[in-house]
Amino acid sequence: MSFLGRWRTNVVNQIPALVLVAMCVASTLMSDRFLSSTNITNVLLQAAVLAVISVGMTFVVIGGGFDLSVGSIVGLSGCVAAEVMLRAGIFAGVVSGIATGAAVGLANGLVIARANVSPFIATLGSMVFVRGLALLMTKGAPVVGDDGLPAGFIWFGTARLFGIPWPVLAAIFIFAIFAWVLHKTAFGTRVFATGGSREAAFLSGVPVRRVTLLVYVICGITAGIAGVMLAARLQSGQPTAGEFYELTAIAAVVLGGAALHGGEGYLYKTMIGVLIMTVLTNSLNLMGVDSYWQRIAIGVVIVAAAAADQLRAKVN
Amino acid sequence: MSFLGRWRTNVVNQIPALVLVAMCVASTLMSDRFLSSTNITNVLLQAAVLAVISVGMTFVVIGGGFDLSVGSIVGLSGCVAAEVMLRAGIFAGVVSGIATGAAVGLANGLVIARANVSPFIATLGSMVFVRGLALLMTKGAPVVGDDGLPAGFIWFGTARLFGIPWPVLAAIFIFAIFAWVLHKTAFGTRVFATGGSREAAFLSGVPVRRVTLLVYVICGITAGIAGVMLAARLQSGQPTAGEFYELTAIAAVVLGGAALHGGEGYLYKTMIGVLIMTVLTNSLNLMGVDSYWQRIAIGVVIVAAAAADQLRAKVN
Amino acid sequence: QPKPVTIGVSLASDVNPFYIAMKSGIEARAKELGANVVFVTANEVVAQQVDGIQDLVARKVDGILVSPIDAVAVGAAYDAAGKAGIPVISIARHANSANESAYVSMDEKKIGGEIAAWIAQSIGGKGEIAMVAGPSGAATFRNLAEGFDTVIKTSPDIKVVYRKDVALTREMGLKQAEDILVAHPDVKAIYCANDEIALGASQAIAAAGKGSQVVVTGLNGIPPAMRAVKAGTVGLTVNLNPVAWGRLGVDTMVEYLKGNKPTGDVAVKHVLVDAKNVDQFLPPPAVK
Amino acid sequence: MDSRRDALDGGAMTHIRIANVSKFFGATCALSDVSLEVKSGSILALLGENGAGKSTLIKILSGIYPPDAGRIELDGQPAHFKSLPEAIAAGVVLVPQELRVAGALSVAENMLLGYLPSRRVAGLLPCVDARAMKESARAILGDLDVNIDVDARARDLTFAERQLVVIGRALGHKTRILILDEPTASLERRETERLFTVLRRLRNQGVTIIYISHRLEEVDILADECAVLRDGRLAAMSSAPFERNDLIHAMTGRELDLQAGGARSAGDVRVSVSLPGGALTCRQGEVIGLGGLLGSGATELLRRLFGVRSGRPGERNSEYPRDVPAAIENGVGFVPGERALSLVMALSVRDNIVLPHISAFCTASGRDEQKITAAVVRLMTLLDIRPHNPDMPVRGLSGGNQQKVVFAKWLAGRLDLLLLDEPTNGVDIAAKAHIHRYIADFASSGGAVILSSSDMPELLGLSDCVVALRQGRVVGRVSRDNTYGEASLRALLETAV
Ligand SMILES: Nc1ncnc2c1ncn2[C@@H]1O[C@H](COP(=O)(O)OP(=O)(O)OP(=O)(O)O)[C@@H](O)[C@H]1O
Ligand SMILES: Nc1ncnc2c1ncn2[C@@H]1O[C@H](COP(=O)(O)OP(=O)(O)OP(=O)(O)O)[C@@H](O)[C@H]1O
Ligand SMILES: [Mg+2]
Ligand SMILES: [Mg+2]
């Protein structure tokens, strides 16, 4: 009983991973291209931007919050990075893109942690506001300059190291750093505590407001990084880039098993959620499924994956 | 002190209303057209659909949930209503449109209350799924028939009674019914209890699952009604109708002061939130504010209104 | 019998009637020629379009037809296709890529200019006009508006009093027009970025009882808009003939794959449709 | 009503029969093969150490959990409720250990939630009958002789008041079987006695009552029968009068050494704050008790001493710590009365224990897991926290073990002032003895303790001096040297204002 029980618990804890594996097996059976090396790199490349956004989103969600503004941050920071880059070089561009994300994150955090506005409404407001800024700054047109963005920057979006695209390597690096922060540092434990019970964390000496603030700053930074990465892939700063990323990222985090009320989750599981979302559209495209049917399939898979994951709660 | 204190509490409880009044005053000062009777009817007409959606959303939010699928329901139910109407008459069309909404709501409720899937992910899934259905069913084209929808239906979208458009009257009627249900009946109290503390409600013998289920059904029904109303206004069933209504409706509910974690709120205050959202875009349009600046203004007003409302928590 | 070719298609949107019509043209022509088509979806999201094109490359289709949401953003995807030796032909919208094999074009600026000239003429060269342009950031609508502005500036007595970027839906047309009519009761014409917006706007105008005072222009030439032009509620639409466009795209691609590369851009003719010539474009009357 | 008369007619018939019930949570065996019977119209006390399975047993009885094995019969009929509402409908009503109220609802609504009285407006529209609801709520509270405004929002109540509301919630039902899980844990003696009067009356009306408590003196005065659980098994069953040592032996499986720590002498002043009516001073090596009735302000005082600001005007005062981190930094620890307030339920025992001092367990390369494990294992052994698994989420622990985790939190770092609010709330007698000894030892080794407890023997037994509080005012004090005892403290507290 005990051994079987533990085994069952372990299996059940890995349901998101099993769902991902099942999806990959099904895709391989349905399309012989799915496992081709081109396609695997494709999937990883497509997942990279979402993965970086979802890293920050995981912090916010585990900390008991919610961030709808990441998609707009991606748009704005990409445009800022492109604009600065055209004038002051790649490095300055990248730094200012990321700084833009951090600034928006800080503003979100202040409104939420200091003015006590609900995260939903605060980040909905900044989602609209920041998109407006991006459009205003660019007058709605992509930022490319006269001869395009610097070649070195575009190279980053397309080049590979040992066959692995640079954006994927960047995403892995960022994941590793933040996984360490979340799971191995005192700050990470405080994030879990704040999300799990604000009151208990407060009475244990956790500076809950500061933690809340920092969590949004982290989310802003990762969204800023993602914006810069996307600009490199799109070879331009696009003011409308990143739309819908907010919902996709939250979905990835929740599919990975983090509780939306906070206090629970693992960063590596979020990555599984990201891959589920990415493999889903990729394999539907490979199979040539009609776009209306694609929506239906995506809706079903999201709900089914989440429902399967609920078995975990049952067994534990 | 006591009198002053009570007075302050009362004022502070009405902050959303004060924000609305302030917005109206500002709009009147900036545009002499704002208070014209045409414009007031316009605002009410524009608010009617959102108001009906937000009625159901208030139930969901007070019950501790979240519904992202309402926008898609609006699209699908409008198309179903139009399609059925062309074949079987207005009444059958309207009924089947509303029934469509109820069915989607029931599905949401089952997935959430029975399979324990988080409301966010369940309704995100059905948002995508239902939009897919609407597009599939209409092949992406508006449903109008060869000679348009029945005249009686179109009449409802445009005609007036004592100068008040019928859709506005319908919205007021629906508000009145559901305000009664929420604030006066045992079911309504159970919704508050379920949202306030699922566990307390459960231990008191409230059938929390059934309440949760019903709350989503109600939300589906109101979204279905809103879809039919919108179809009448648009004189066609539009498969893409209702996009972004989900976020706007949740914003209206939260701006009205309902807590997103459930258990608190008033239906009339949601209506104030709806009017804030509607007056905002209307007055920005009247002032001729550029669309990029409009986004910035909307973002600022949403956050500012929510922050002002937080004074309430401080004073109470 | 030669192996049938497979053409991958990435259109900018799958809910916009213009692209829905284009898609039907592509499907019909491909069927006639015995070619396979696979569509990927983008919905006006640039990153999604890039991903979709790369999925087509991974699928190793023979050629790809793209209607790029943005001319620059698709660069990486075009390059990936180029590297895999797959020709890419842009349709309706243009891409700034060396790997663009051909362009089945539309001169958006020119169309915008022609609409402006038509409006100027129909309101007698003076008065207030409003613009309900397409979604922010989309290149097509930016170009249309730019062409429109250039021409409208040549009539000094015409003033653009209202400008707004909106989603291409009827609901948006309705709401915007309602507010326009309140804010600017003297408005003479409303430029709408597509037919759906125009149909919504014309409804608001009718509801306000201003049917004869305000002209509305649309774009695309979908059947309901043609009927509205006939009925006089919409003044002008531009028949872009998306179906023929889609067909031409397939033809160009099939010829290209056979080795017949087109010289220069392949253009589709657009026609301004107003009360004078609408009869020849009306859809056949419904059979009861 | 009918069922009550049936039960009366049945006399001493067996009302509840629990046969061979077992329950597992994952690998933990919470109950194994428990069989017991309760007679109609009697009060059964259910005893056992923390984690013995008491709550689990009654949750199975009231349909919250299904049993993994075994049967339950009521009046000779098999009764397996699939849900709590089903059990309530059959007259089986539970007052749970976890106090949960819907904060935004009024006291009356909370109390009558399960069976809201309805009427029809104009014979048509259904509507909650607010007046009837408030009247019933007032009647029930009046029965318990407590004075709580039925229109107040539940979230504004103190912990003890919430407890009464939750008890009242159960009393309103048409009850045949009433199950109370540690209902008196945070009640003062007067409320406890009132509750007992009500319970005895219900028993005389034929209601069968199952009562869980860690206070053996309550068992003596209330229960007819007594069942003891140990490690998920039925360890003993006896009828009144009870032999206390036998019960303790059955619960713990050993004799208890209830001795307090060694002699102590007061040192320097550790904390001193001025309050209306006098000062509160606590020296090193001293235990100061805060005595008070319901709503005395003791909880609030302790929270302020821990750096929590209440938002009362004019409280900026340098006598109190600036904020919670500053207090912790200064060696202050706080055990709040409401466990849920100080534990992050989803977090592991390990992380909860190290949370207040987490920085001390980190190096430049992050958390020092070895150091953490060493400290946590030491504390879990010291306080006998069971199951001995540092990685278990705290929510899986029984209530008493959770309370020990709250203590362990403060022992993981520097500590020289311990603020205790109902420190043995829901803790079993063995653990209580442990905690008492720990408090005494802590004081003997030079620590300062300020203690608030509604358990008078505990308060007087531990304290060197008890300060009597009413509405946040010091109204007197009793010290060891003069007429120290419950009588003189009560005299101070109960004199009219
Ligand atoms: N939901 C749960 N998940 C996992 N384990 C549980 C759960 N509930 C109880 N347990 C375990 O079952 C055992 C019995 O717990 P129970 O709550 O019945 O104890 P108890 O006798 O009520 O203790 P206390 O006096 O502390 O309230 C404990 O070992 C506890 O850890
Ligand atoms: N300094 C004060 N001045 C006036 N009233 C006070 C003060 N401190 C506390 N009170 C009142 O006493 C109430 C109860 O406070 P508190 O919870 O601290 O008391 P308690 O004795 O610990 O209560 P319980 O026995 O219910 O745990 C407060 O809500 C407040 O109304
Ligand atoms: Mg218990
Ligand atoms: Mg207290």
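Since we're looking at a predicted model, the values are computed, not measured. The chains referred to below are lettered A, B, ... by the order of the sequence lines, with proteins before strands, and numbering in each begins at 1.
- The most heavy-atom pairs under 4.5 Å with chain A, out of B:G125, B:A259, B:A115, come from B:G125.
- For the set A:K139, A:Q294, A:H261, the entry with the most heavy-atom pairs within less than 4.5 Å of chain B is A:K139.
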Pair A:V80-A:M137, side chain to side chain contact (heavy atoms under 4.5 Å, CB included): steps then yes or no: CA-CA 9 Å; A:V80 169; A:M137 161 192 153; 3.9 Å; yes
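- Going from atom CD1 of B:I73 over to atom CE of B:M127 covers 11.5 Å, rounded to the nearest 0.5 Å.
- Residues passing the side chain to side chain donor-acceptor pair (under 3.5 Å) test with A:Y266: none are found, sequence neighbours excluded.
- Of the listed residues (A:L255, A:I250, A:D290, A:L260), the greatest number of heavy-atom pairs within a distance under 4.5 Å of chain B belongs to A:I250.
- Closest of all the heavy-atom pairs between B:S69 and B:S126 is CB-OG, 3.1 Å.
- In this structure, B:A249 and B:M57 approach most closely via the heavy-atom pair CB-CE, 4.2 Å.
- Looking at A:L133, A:T240, A:V130 one by one, the single match for side-chain contact (heavy atoms from CB on, under 4.5 Å) with A:S72 turns out to be A:V130.
- Using the six-membered ring where Trp is involved, A:F66 and A:F120 have ring planes that are tilted, between 30° and 60° apart.
- Interface remark: A:L247 contributes backbone and side-chain atoms alike to the contact with chain B (heavy atom separation under 4.5 Å).
- At a heavy-atom cut-off of under 4.5 Å, chain B is reached by A:R295, A:I296, A:I298, A:G299, A:V300, A:I302, A:V303 from residues 295-305 of chain A, listed in order of number.
- Nearest heavy-atom pair, A:V208 versus A:F202, reported as atom, atom and distance to 0.1 Å: CG1-N, 3.9 Å.
- The candidate with the highest count of non-hydrogen atom pairs below 4.5 Å against chain A, out of B:V128, B:V254, B:T123, is B:V128.
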